[in-house]
Structures are given as structure tokens and as C-alpha cells.
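Please read these numbers as outputs of a predicted model, since none were measured by experiment. Counting begins at 1 with the first residue of the sequence.
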Amino acid sequence: MTDFNQTDMQRNTTPDADRRELLRLLSEKQRRKSGIPSAPLPRPRVGPLPLSEVQERLWAQQGLGEGAAWTVAGALELVGVLDVEALRSALDALVARHEPLRTRFVSSPDGMPRQVIDNPAGAAFQVRAAKRSQVKDLVRAHEGKAFHLEQGPLFRVLLIELGAKEYVLSLAMHHIIADGWSMDVLVRDMQELYGAALEDRTPSLVPLDIQYADWAAWQRERDLSGSLEYWKRSLAGPPVPLALGRVIASRARGEAQQVERPIPRYVADALVSYARDRRASLFMVLLAGWALVMYRRTRASDLLLGTTVAGRERLELEPLIGFFINIVALRLDLSGDPTGDELMDHVRGTVLDGFLHQGVPFERLLAEVEGLRQPGGRSPVPVVVRH
């Protein structure tokens, strides 16, 4: 095994340090030029802070429903010796590390919602003994219990003890402070913090340069005029909503169903191969297939749909907990009877252009693109697919 001395370590890390410094200088130059920060920067925590635009949408809809549709949740089955106090310590440290886990949302005198970040005071953590037959009901009740945005907490944990070495850990956050990506961040950080608490050592987590509230403020300040002009051109005169021939009524507001059908292996392999040949992603191929089915079903050649994106365009956003998800509107043109390859190339270009301009919040598009929001608040974006 080769030994590396301190000089070797400095030699290996210097390029990255130089790159970071160069990016910082370029960002500072851009900020001075435009007057708008080119990257999220830490903000003073003085008084209530503004919500992000996606958070405002959830705030406005909070009276429409509650329960699982408004909750980001996950359950972990733990097998082995568990130090409950070390777990409690890890959860407390997690809440201290990520501000959204200790954030509440209140109405200000001007009628606008604001987020209030409380000082670290420990996690909402409960321990309950139960039988395995009770686990499903307990987890469902824990995930479905309503959150109170003004009172908090909006993050809670239930540890279900099944035996000496069997546990289920149920984690639940209100959607206004988290998304699916956030759950991965939460579990990963919790594992490291638990290990550190067990071994009485400092956690090996990189300090967070910014928090979600810093990004929310920057989102409202950043110059998105170029991207907004792109969307105004792309979505001008949006098509009418698709008429699919029948209406499937949801049994309750906010309730959705998912139907799964397996794809034969040879079909999946063929799709991947075709995507590779057309320099496209599998998502693009499936989107082209969706467009073709919709055209054959409705004879509509002007199609519009929305796809969700993670919304974490910058590296410093990846280790954060927060609600970053955005919707990108993709408009597809099937006029002129395009061939399969021509349709694929069109879809590929549309997706790449849309993702290039994904920084504009969908809520802003609805407000500023004429005709996109229809009477009654409806949008002609007919389908939202997870990317």
C-alpha cells in the first residue's frame, strides 16, 4: 500500500479548491454586475422569512385536505440491538442541522404567509411497544395524522418496539418542508448521526453553507427574465385540455390511484437500446410514446403536459431538506405526420430546452403566461408525470 504524505494530499485537493475559488469569484463578479446574487447566500435570521413560490402554493391549498397526500413519509424496519437514547440524540442533531425540520408557517399582518424558524429544541419523538399485527395501522395513523402549519412540529418520528431486537421507525414530514429527495437526505444524515452518537465522536457530515430559507429568498430575487421569455414563446396560445372520451372521477379530493403493468424484458431492452441510438433518455422515449398514444386517441397534434423535476439545479442544494420540486411544461407538436425518429428528435429537443429553463417556478408561469390558467383556476396541463 502506498503511503501519502501531507504534500500529496494538498496536491490532490488543490485543483478542487482552486475550482471552487474560481466559481466564487465568477459568482461575485456576476452579482456585482447585475445586483442580483448568482447563487444562494446565507441570510440574516431576523423575523419571519418569505416562503418559496412552491411553498406558497401548498399554503394556499392547506384547507383542501390533509393526511397522506400532504405527507412525505417512510418506514424503516430495524433489526438488531438499538440504542434508543442514541437514536433520540441523532434525531435531535438532525433537527438542529436542517432548519426546515423546525420551521412553522404563519400569517403576517399583510396577509402573506411567512416561515418562522424555531431554535433547536429536539425532535418530536415517540416510542411505543406493539405487536407486529398492529404495525400497519400504527404507521398509517402516524403518517395520516394532520399537521398544524402554524403550531408545528412538521417533522415527527414514531419508534415501534416489536421485541428486543425488532423495531419499525416511522418518519413523517409535511410536504411544505420536504420532498422525496429530502427523505433520502434525512435517512442518510440520521444514520451518520446515530453512528456518531453511539461511538461518541464528531459526525462526518459536511457543514451546510446555506439552508432552504436562503434558497427561497434567492429564488425570488434571481434574474429569470430570459427563461420566462422562453416559456412565453413556447406556451403562447396553449392548447385546450385533452378530451379523452371519459371522465374518471376520484373518490375523494386529492386521492390518486396507481396502476402497474410489467413490461417484458425484451421490450425494456429494446427501449433502452433505441434511446441510446437516438442519444436520448428512457424518459424521452416513453414521453414520445405517450404523445403518440394521445394523438391516436384524441387526434390532437398540439399536446401539453407537465413533468416534475427535482428542482435542485445547484450542487449546494443537494444535501438540503426542503420542498424544491418544480413542474416543467412540455409542449409537443405532432403535426405533419412525423416519423418515429422525427418525433423522437422533437421530444428530445423539447425536453432539453425545457429542463434548461426549469428554474422558473410553475406558479409564476401560471400567473404570467397568458391563457395558461383557465377559468376556475384550472390549467390546461393535463398530466403530471414523475421524471
K.L.:
Give, for atom CH2 of Trp290 and atom OH of Tyr295, the distance between the pair rounded to the nearest 0.5 Å.
P.N.:
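Rounded to the nearest 0.5 Å, the CH2-OH separation comes to 14.5 Å.
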K.L.:
I need the His98 NE2 to Ile177 CD1 distance, nearest 0.5 Å.
P.N.:
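CD1 of Ile177 is found 11.0 Å from NE2 of His98.
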K.L.:
Mind listing the closest non-hydrogen atom pair of Arg132 and Leu162 along with its distance?
P.N.:
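Looking at all heavy atoms of both residues, the shortest contact is NH2-CD1, 3.4 Å.
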K.L.:
So Val168 and Leu76, do their side chains get closer than 4.5 Å, heavy atoms only?
P.N.:
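With C-beta onward as the side chain, the pair stays apart.
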K.L.:
Under 3.5 Å, which donor-acceptor pairs link side chains of residues 262-275 to any protein atom two or more places apart or in another chain?
P.N.:
| residue | atom | partner | partner atom | Å |
| --- | --- | --- | --- | --- |
| Arg265 | NE | Asp269 | OD1 | 3.3 |
| Tyr274 | OH | Asp341 | OD1 | 2.8 |

K.L.:
Could you tell me whether a side-chain N or O of Asp302 sits under 3.5 Å from a main-chain N or O of Asp333, the two making a donor and an acceptor?
P.N.:
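Side chain of Asp302 to backbone of Asp333: no pair is present.
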K.L.:
For Gln358, check side chain to side chain donor-acceptor pair (under 3.5 Å) against everything at least two apart and list the hits.
P.N.:
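Side chain to side chain donor-acceptor pair (under 3.5 Å) list for Gln358, sorted by chain: empty.
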K.L.:
Check whether any side-chain N or O of Arg102 sits under 3.5 Å from a backbone N or O of Val95 as a donor-acceptor pair, and report yes or no.
P.N.:
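Judged by distance alone, yes, a pair lies under 3.5 Å.
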K.L.:
Which is it for Leu332 and Thr350 under the side chain to side chain contact (heavy atoms under 4.5 Å, CB included) test, yes or no, and what are the steps along the way?
P.N.:
CA-CA 7 Å; Leu332 305 176; Thr350 301; 3.9 Å; yes
K.L.:
Is there a side-chain contact between Arg128 and Leu158 in this structure, where contact means two heavy atoms from C-beta onward sitting under 4.5 Å apart?
P.N.:
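Yes. Closest side-chain heavy atoms under 4.5 Å.
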K.L.:
What are the two closest non-hydrogen atoms of Ala130 and Leu138, and how far apart are they?
P.N.:
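Shortest heavy-atom separation between Ala130 and Leu138 comes out as CB-CD1, 3.5 Å.
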K.L.:
Evaluate the ring planes of His357 and Trp231, with Trp represented by its six-membered ring, and classify them as parallel (under 30°), tilted (30 to 60°) or perpendicular (over 60°).
P.N.:
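Perpendicular.
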K.L.:
Is the count of non-hydrogen atoms from other residues, nucleotides or ligands lying under 6.0 Å from Glu368 atom CD greater than 12?
P.N.:
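Enclosed: over 12 neighbouring heavy atoms sit under 6.0 Å from CD of Glu368.
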K.L.:
Might you point out which heavy atoms bring Leu330 and Gly354 nearest each other, and give the distance in Å?
P.N.:
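Result for this residue pair: CD2-CA, 4.4 Å.
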K.L.:
Could I get the full list of side-chain contact (heavy atoms from CB on, under 4.5 Å) partners for Arg233, not counting sequence neighbours?
P.N.:
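side-chain contact (heavy atoms from CB on, under 4.5 Å) list for Arg233, sorted by chain: Glu229, Tyr230.
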K.L.:
Taking the side chain as C-beta and beyond, is there a heavy-atom pair between Phe283 and Thr307 under 4.5 Å?
P.N.:
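They are in side-chain contact.
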K.L.:
Could you check whether any side-chain N or O of Thr71 sits under 3.5 Å from a backbone N or O of Ala73, counting only pairs where one atom can act as donor and the other as acceptor?
P.N.:
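No.
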K.L.:
Drop me the distance from Arg331's CZ to Ser234's OG, to the nearest 0.5 angstrom.
P.N.:
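The CZ atom of Arg331 sits 7.0 Å away from the OG atom of Ser234.
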K.L.:
Please report the interatomic distance CG(Leu366) to CD1(Ile327), rounded to the nearest 0.5 Å.
P.N.:
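Result: 8.0 Å between the selected atoms.
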K.L.:
Residues two or more places apart in sequence or in another chain: which of them pass ring-ring contact (aromatic ring centres under 6.0 Å, His included) with His142?
P.N.:
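Result, ring-ring contact (aromatic ring centres under 6.0 Å, His included) vs His142: none returned.
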K.L.:
With a 6.0 Å cut-off (strictly less than), is the heavy-atom count around CZ of Arg220, excluding the residue itself, greater than 12?
P.N.:
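Counting other residues, nucleotides and ligands, CZ of Arg220 exceeds 12 neighbours.
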K.L.:
Indicate yes or no: does Glu221 engage Arg43 in a salt bridge with an N to O separation below 4.0 Å.
P.N.:
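Yes.
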K.L.:
Rounded to the nearest 0.5 Å, what's the gap from OG on Ser52 to CZ on Arg57? Could you check?
P.N.:
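One gets 9.5 Å once the value is rounded to the nearest 0.5 Å.
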K.L.:
Under the ring-ring contact (aromatic ring centres under 6.0 Å, His included) rule, collect the residues that match up with Phe324, sequence neighbours excluded.
P.N.:
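In terms of ring-ring contact (aromatic ring centres under 6.0 Å, His included), with neighbours along the sequence ignored, Phe324 is linked to Tyr212, Trp215.
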K.L.:
Is the closest side-chain heavy-atom distance between Pro361 and Leu224 below 4.5 Å?
P.N.:
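Yes, at least one pair of side-chain atoms sits under 4.5 Å.
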K.L.:
For Arg201, which residues count as a side chain to side chain donor-acceptor pair (under 3.5 Å) partner, sequence neighbours excluded?
P.N.:
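Residues passing side chain to side chain donor-acceptor pair (under 3.5 Å) with Arg201: Glu192, Glu199.
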K.L.:
CD of Glu316: more than 12 outside heavy atoms within 6.0 angstrom?
P.N.:
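Yes - once you tally the heavy atoms of other residues, nucleotides and ligands closer than 6.0 Å, there are more than 12.
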K.L.:
Quick one, Arg364 with Glu53, criterion salt bridge (Lys or Arg N to Asp or Glu O under 4.0 Å). Give me CA distance, side-chain angles, the key distance, then yes/no.
P.N.:
CA-CA 8 Å; Arg364 198 177 304 184; Glu53 294 186 50; 2.3 Å; yes
K.L.:
Within a strict 4.5 Å, meaning less than it, do heavy atoms of the Leu171 and Leu169 side chains meet?
P.N.:
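Yes; the side chains approach each other to less than 4.5 Å.
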K.L.:
Sequence neighbours excluded, which residues qualify as side-chain contact (heavy atoms from CB on, under 4.5 Å) partners of Glu85?
P.N.:
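Glu85: side-chain contact (heavy atoms from CB on, under 4.5 Å) contacts with Asp83, Arg88.
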K.L.:
So, Asp179 and Ser182: side-chain donor and acceptor under 3.5 Å apart, yes or no?
P.N.:
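Ser182 and Asp179 do have a side-chain donor-acceptor pair below 3.5 Å.
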K.L.:
According to a 4.5 Å side-chain heavy-atom criterion applied to Ile, Leu, Val, Met, Phe, Trp and Tyr, with indirect links allowed, do Ile160 and Val187 form part of one hydrophobic cluster?
P.N.:
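Per the 4.5 Å side-chain linkage, Ile160 and Val187 are not co-clustered.
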K.L.:
Is the backbone of Glu99 close enough, under 3.5 Å, to the side chain of Gln211 for a donor and an acceptor to pair up by distance?
P.N.:
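Checked: pair present.
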K.L.:
Where is the tightest heavy-atom contact between Glu56 and Met112, given as atom of each residue plus distance?
P.N.:
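The pair with the smallest heavy-atom distance is OE2-CE, 3.3 Å.
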K.L.:
Can you name the side chain to side chain donor-acceptor pair (under 3.5 Å) partners of Arg97, sequence neighbours left out?
P.N.:
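Testing Arg97 for side chain to side chain donor-acceptor pair (under 3.5 Å), a comparison that skips the adjacent residues, returns Asp189.
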K.L.:
Just wondering, are more than 12 heavy atoms of other shown residues or ligands nearer than 6.0 Å to NZ in Lys136?
P.N.:
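Result for NZ/Lys136: open.
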K.L.:
Looking at residues at least two apart in the chain, or sitting in another chain, which of them share a side-chain contact (heavy atoms from CB on, under 4.5 Å) with Lys165?
P.N.:
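Result, side-chain contact (heavy atoms from CB on, under 4.5 Å) vs Lys165: Val81.
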K.L.:
Please state whether the rings of His174 and Phe147 are parallel, tilted or perpendicular, taking 30° and 60° as the class boundaries.
P.N.:
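Perpendicular: the ring planes of His174 and Phe147 meet at over 60°.
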K.L.:
Give the intermediate values and the outcome of side chain to side chain contact (heavy atoms under 4.5 Å, CB included) for residues Leu58 and Val54.
P.N.:
CA-CA 7 Å; Leu58 283 193; Val54 291; over 6 Å; no
K.L.:
Using every non-hydrogen atom in the two residues, find where Leu320 and Arg312 come nearest and quote the distance to one decimal.
P.N.:
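Heavy atoms of Leu320 and Arg312 come nearest at O-NH1, 2.7 Å.
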K.L.:
Which heavy atom of Ala216 sits nearest to which heavy atom of Pro50, and what is that distance?
P.N.:
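Here Ala216 and Pro50 meet closest at CB-O, 4.1 Å.
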K.L.:
Using side-chain heavy atoms (C-beta onward) and a distance below 4.5 Å, is Arg296 in contact with Val293?
P.N.:
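Sidechains of Val293 and Arg296: no contact.
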K.L.:
Between Lys131 and Glu161 (salt bridge meaning N to carboxylate O under 4.0 Å), is one present in this structure?
P.N.:
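Salt bridge flag = no for Glu161 with Lys131.
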K.L.:
State the CG-CD distance between Leu51 and Gln219, to the nearest 0.5 angstrom.
P.N.:
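With rounding to 0.5 Å, CG (Leu51) is 10.5 Å from CD (Gln219).
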K.L.:
Taking side-chain contact (heavy atoms from CB on, under 4.5 Å) as the test, write out the residues that go with Asp118, two or more places apart.
P.N.:
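side-chain contact (heavy atoms from CB on, under 4.5 Å) check on Asp118 returns Arg104, Val116.
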K.L.:
Only pairs at least two apart or in different chains count here, so list each ring-ring contact (aromatic ring centres under 6.0 Å, His included) that has a residue in residues 181-207.
P.N.:
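Every candidate ring-ring contact (aromatic ring centres under 6.0 Å, His included) pair involving residues 181-207 fails, so no pair, neighbours aside, qualifies.
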K.L.:
His148: what forms a ring-ring contact (aromatic ring centres under 6.0 Å, His included) with it, not counting sequence neighbours?
P.N.:
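If we apply the ring-ring contact (aromatic ring centres under 6.0 Å, His included) test to His148, skipping adjacent residues, there are no hits.
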K.L.:
Does some side-chain heavy atom of Ser107 sit less than 4.5 Å from a side-chain heavy atom of Glu150?
P.N.:
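Glu150 reaches Ser107 side chain to side chain.
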K.L.:
Would you confirm whether Arg279, through its side chain, and Asp345, through its main-chain N or O, come within 3.5 Å as a donor-acceptor pair?
P.N.:
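Side chain of Arg279 to backbone of Asp345, a donor-acceptor pair under 3.5 Å: no, none is there.
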K.L.:
Would one find more than 12 heavy atoms of other residues, nucleotides or ligands at under 6.0 Å from atom CG of Asp277?
P.N.:
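Check passes, neighbour count above 12.
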K.L.:
So do the side chains of Val360 and Asn326 get within less than 4.5 Å of each other, counting heavy atoms only?
P.N.:
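A side-chain contact is absent here, since even the closest heavy-atom pair is not under 4.5 Å.
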